[in-house]
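Structure, as C-alpha cells:
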Amino acid sequence: MERKRVAIIGAGVSGLAAIKACLEEGLEPTCFEQSEEIGGLWHYTDDGGQQHGASMYKSLISNVSREMSCFSDFPFNTDTPPYPPHSQFHHYLQQYCNRFDLRKFIRFKTQVVKVQQAEGFVEGEWNVHTVDTGTDGTEPCQHVFHAIMVCSGVYHRPHMSLFAGLKTFQGTVTHSRSYRTPDRFQGKTVLVIGAGNSAGDIAAEVGLTASKVYLSLRDGVWILPRLTHGARPLDLSVSRALLHAPDFVSRNYIKMLSRTHINQANYGLHRTKDPYTHGFMVNDEIPYRLASGKVVAKPDITEFTPAGARFADGSCIDADEVIFATGYDVSFPFLDSDILPSSLQDQELYKLVFPVRMKKHTLAVIGQIRNRGGASPVVELQARWAAQVFQGITQLPDQDMMLGYFRRDRQYRDARFGPNKLPVVDLRYTDDIARDIGVKPSFWRLVLWDPSLAFHTYFGPAFPVHYRLMGRHSWSGAAAYAKTALIKTYSATCTNRVQTRHKVNSLMTVLLVCLMVAVLAVIVMKS
C-alpha cells in the first residue's frame with residue numbers, strides 16, 4: 001500500500017516537529033525550506049540575508065526556560081543553562097534533527113510558491129509548486145501530495161504602524177527585524193516603538209550605547225521578570241493544579257509579580273488594562289535602564305515631526321533613529337485566500353489547526369499561535385494530532401460541530417485574552433489537544449501506577465515530557481525524567497553541588513496522594 005505523502009512548508013521548530021510526527025505515524029514527509037539551514041527564526045545570521053521573515057538580534061536569550069521549551073521526548077543537554085541563548089537553542093534543534101535523522105527529509109533552498117487543490121479534490125490531494133532559491137530564473141517544479149502541513153511561522157511581513165507625519169521625519173526609520181547589535185546607535189537619540197519582548201530587549205540594549213532611548217508605549221505595559229524568588233524560572237509556576245483556580249487569582253498574581261519587579265507609576269508605565277487581555281513584556285534589564293535615565297518611557301505617538309515625535313501627553317522629542325518593534329503580519333502568499341485567508345479574523349480553524357469548511361481535512365496549520373510558554377511543546381502536539389488525522393487514526397467531528405466549537409472558542413479567547421493579532425494558548429489548550437490523541441496524563445492511572453509521579457505531574461510544573469507518559473509513541477524514559485526535570489533545570493549552573501538522591505518516604509507519599517484525591521474530589525463535586 002502506498003504511503004501517504006505529506007508536504008511540510010518550513011523547517012523551523014514547527015516543521016521539525018511535523019517531520020517527526022509524520023514518521024511516527026508511517027507517513028512520508030517532504031519538508032521544503034527556503035534557506036540553507038534548519039531553525040527558522042532561531043537561525044541567526046549577522047546580516048539577516050537568509051531570513052525571509054523575522055530574524056533575531058545577537059544578544060537574544062530565550063524568555064522560556066529550557067525544560068518548558070523542549071520537545072516532549074528530547075531534553076536539552078545538561079550543560080544548557082536555565083535560559084538558553086539563541087545559539088544554544090539552535091544547536092538543540094540541530095541535535096534534535098540529527099537524533100531522529102530528520103535532515104534527509106528536508107529540501108533546502110526550495111521555496112513553495114503555490115499550493116493548490118488537485119483537480120476535483122476527490123481524495124484531498126494537493127499540487128505544490130516550488131522554485132530553487134539558489135538559482136535565478138528557474139522554472140517552478142510541481143509535486144503532488146496527499147496532505148499539507150503549513151509550518152511557515154507567524155513572522156512574515158514586518159508591521160509598521162502608520163503615524164501622521166512619519167514621511168516627513170528626516171532621521172532613519174527601521175523595523176526590529178533588521179536590528180542585530182547596538183553598535184551603530186553610539187551617541188544617538190533613539191525612539192523605540194512597541195510594548196512586546198523585542199521592544200524591551202532592544203530598548204534596554206541600545207540604552208547602553210545611545211545618548212538617550214525613548215520607549216513609546218501606547219497604553220503602558222506590564223513587565224515580568226524571567227526569575228522569581230530564589231532565581232527560579234517564572235514559567236515553572238505553571239501547573240495543572242492551578243488550572244482549577246479562579247481567573248482572578250492568576251491575574252492578580254501576575255499583577256503582583258509585575259509591581260514587585262517595577263513600580264509602574266514611578267516610571268511612566270502605568271497600565272489600566274488587564275495583563276491577560278493586553279499581554280505583558282518579559283524583561284529583566286528595563287527597570288535598571290529606566291532607573292538610570294538611559295531609557296525614558298513615553299506614551300503613544302500622536303505625530304512625527306521632521307526632527308522627532310510628539311506624544312499624547314503633549315511632549316516632544318528630537319530623535320536620530322526610530323525603531324518599530326511592532327510585530328509582524330501573518331501572510332500565506334502560496335495559498336489562495338479561499339483556502340486560508342491571511343487575515344486572522346477571516347480564518348476558521350478548528351482548534352487553531354484545521355480549516356473548518358474544507359471537504360477533505362488534508363491541510364493543517366501548525367504554530368499559528370502565541371503561547372504563554374514555549375512554542376515547541378504546542379506545535380509538537382499540533383503536528384502529532386495532524387499526522388494522526390491524515391493517517392486516519394484520529395477522526396475529526398463533522399463540519400457543524402467543528403464550526404460550533406470554533407465560534408465558542410473564539411468567543412472564549414476574545415473574552416479571556418482579548419482580540420489579539422494571534423490566538424493566545426496556554427496549558428488548557430495543549431491538554432485539550434493531548435486528550436484528542438490520547439496522550440493527556442491521567443491522574444487516576446498515575447496514582448495507581450506511581451503516586452509520586454502523579455504528584456509531580458499535577459502539582460509540579462507542567463513539563464512537556466508529561467505528554468510522553470502514556471498513549472501512542474510514549475517514551476520509556478518519560479517517567480524518570482518527569483520526576484527530575486525540575487532539578488535538571490539547574491544542571492549547568494549548580495556545578496559545585498553534590499548530587500544526591502532523595503528517597504521519598506512512603507508514608508509521606510501516601511499522605512500526598514490522599515491530599516491529591518481529596519482536592520480533586522472537591523473539584524469534581526463542584527463541577
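For residues 422-434, every residue pair satisfying the side-chain hydrogen bond (donor to acceptor under 3.5 Å, both in side chains) rule, not counting sequence neighbours, is listed here: Arg240-Asp431, Lys351-Asp432, Gln382-Tyr429, Tyr405-Asp432, Thr430-Tyr467, Asp431-Tyr467, Asp432-Arg435. Residue pairs meeting the ring pair (Phe, Tyr, Trp, His ring centres under 6.0 Å) criterion with at least one member in residues 290-315, sequence neighbours excluded, are Phe163-Phe304, Phe169-Phe304.
Taking NZ from Lys20 and SG from Cys97, the interatomic distance works out to 12.5 Å, rounded to the nearest 0.5 Å. Between atom CD1 of residue Ile38 and atom CD1 of residue Ile19 there is a gap of 9.0 Å, rounded to the nearest 0.5 Å. From Tyr155, atom OH reaches atom CZ of Arg177 across 14.0 Å, with rounding to the nearest 0.5 Å. Remark: Trp385 CH2 to Ile437 CD1 distance equals 9.5 Å, nearest 0.5 Å. The OH atom of Tyr57 sits 8.5 Å away from atom CD of Glu205, with the distance rounded to the nearest 0.5 Å. Between atom CG of residue Leu427 and atom OG of residue Ser239 there is a gap of 8.0 Å, rounded to the nearest 0.5 Å.
In this structure the side chain of Phe463 reaches within 4.5 angstrom of the side chain of Leu486, judged on heavy atoms. A heavy-atom distance below 4.5 Å is not found between the side chains of Leu242 and Val238. Between Val206 and Val192 there is no side-chain heavy-atom pair separated by less than 4.5 Å. Between Pro355 and Ile339, every side-chain heavy-atom pair lies at or beyond the 4.5 Å cut-off. Ser216 places a side-chain heavy atom less than 4.5 Å from the side chain of Leu191. Counting heavy atoms from C-beta outward, Ile433 and Arg384 have side chains that stay 4.5 Å or more apart. Contact of the Asp201 side chain with the Asn283 side chain is registered, since non-hydrogen atoms from C-beta on lie closer than 4.5 Å. A 4.5 Å side-chain heavy-atom check between Thr181 and Asp46 finds every atom pair outside the cut-off.
Of the charged side-chain nitrogens involved, none lies within less than 4.0 Å of a carboxylate oxygen, so that Arg226 and Asp235 do not count as a salt-bridged pair.
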- request: Would you please test Lys58 and Asp183 for salt bridge (charged side-chain N to carboxylate O under 4.0 Å, His left out) and show each step?
  value: CA-CA 11 Å; Lys58 197 169 186 177; Asp183 300 344; over 6 Å; no
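At distances below 3.5 Å, at least one donor-acceptor pair connects side-chain atoms of Glu33 with backbone N or O atoms of Ala11. Counting only distance, with no hydrogens or angles, the side chain of Thr489 and the backbone of Ile487 share no donor-acceptor pair below 3.5 Å. For the pair Tyr92 (side chain) and Asn77 (backbone), a donor-acceptor distance under 3.5 Å is absent. With hydrogens and angles ignored, the 3.5 Å screen pairs a side-chain donor or acceptor of Asp320 with a backbone N or O of Thr189. Proximity of a side-chain donor or acceptor of Thr209 to a complementary backbone N or O of Pro182 within less than 3.5 Å is detected. In this structure, the side chain of Thr302 engages the main chain of Arg310 through a donor-acceptor pair within 3.5 Å. Side-chain atoms of Arg66 come within 3.5 Å of backbone atoms of Thr80 as a donor-acceptor pair (strictly under, hydrogens ignored). Not a single donor-acceptor pair under 3.5 Å links the side chain of Arg468 to the backbone N or O of Ser72. Between the side chain of Thr133 and the backbone N or O of Lys109, at least one donor-acceptor pair lies under 3.5 Å. Here the side chain of Gln264 pairs a donor or acceptor atom with the backbone of Val221 at under 3.5 angstrom.
Scanning both residues, Leu234 and Tyr83, for their nearest heavy atoms gives N-OH, 3.6 Å. Looking at every heavy atom in both residues, Leu236 comes nearest to Pro461 through O-CG, 3.4 Å. The shortest non-hydrogen separation linking Pro29 to Phe105 is O-CD2, 3.5 Å. Closest non-hydrogen pair, Pro233 versus Tyr490, comes out as CD-OH, 3.3 Å. Ile369 and Val154 make their closest contact through N-CG1, 4.2 Å (heavy atoms, listed as atom of the first residue, atom of the second, distance). Contact detail for Cys31 and Gly10: the closest heavy-atom pair is SG-O, 3.2 Å.
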Compile the donor-acceptor pairs under 3.5 Å between side chains in residues 245-253 and protein atoms, sequence neighbours left out, one pair per line.
| unit_1 | atom_1 | unit_2 | atom_2 | d |
| --- | --- | --- | --- | --- |
| Asp247 | OD1 | Arg416 | NH1 | 2.5 |
| Asp247 | OD2 | Arg416 | NH1 | 2.8 |
| Ser250 | OG | Asp247 | O | 3.0 |
| Ser250 | OG | Tyr276 | OH | 3.2 |
| Arg251 | NH1 | Asp274 | OD1 | 2.5 |
| Arg251 | NH1 | Asp274 | OD2 | 3.2 |
| Arg251 | NH2 | Arg416 | O | 3.4 |
| Asn252 | ND2 | Phe248 | O | 3.1 |

Can you list, pair by pair, the side-chain donor-acceptor contacts under 3.5 Å of residues 294-301, counting residues two or more places apart and other chains?
| unit_1 | atom_1 | unit_2 | atom_2 | d |
| --- | --- | --- | --- | --- |
| Lys294 | NZ | Ala210 | O | 3.0 |
| Lys298 | NZ | Ser315 | OG | 2.8 |

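By the 6.0 Å contact criterion, CZ on Arg218 is open, its count of non-hydrogen atoms from other residues, nucleotides or ligands being 12 or less. Environment of CZ in Arg410: crowded, with over 12 heavy atoms of neighbouring residues, nucleotides or ligands closer than 6.0 Å. The environment of Tyr412 atom OH is dense: over 12 non-hydrogen atoms of other residues, nucleotides or ligands sit within 6.0 angstrom.
At a cut-off of 3.5 Å, with distance as the only test, no side-chain donor of Arg157 or Ser342 sits close to an acceptor on the other residue.
Listed by chain and number, the residues in a ring-ring contact (aromatic ring centres under 6.0 Å, His included) with Phe71 are Tyr96 (sequence neighbours excluded). The ring-ring contact (aromatic ring centres under 6.0 Å, His included) test applied to His90 returns His43, not counting sequence neighbours.
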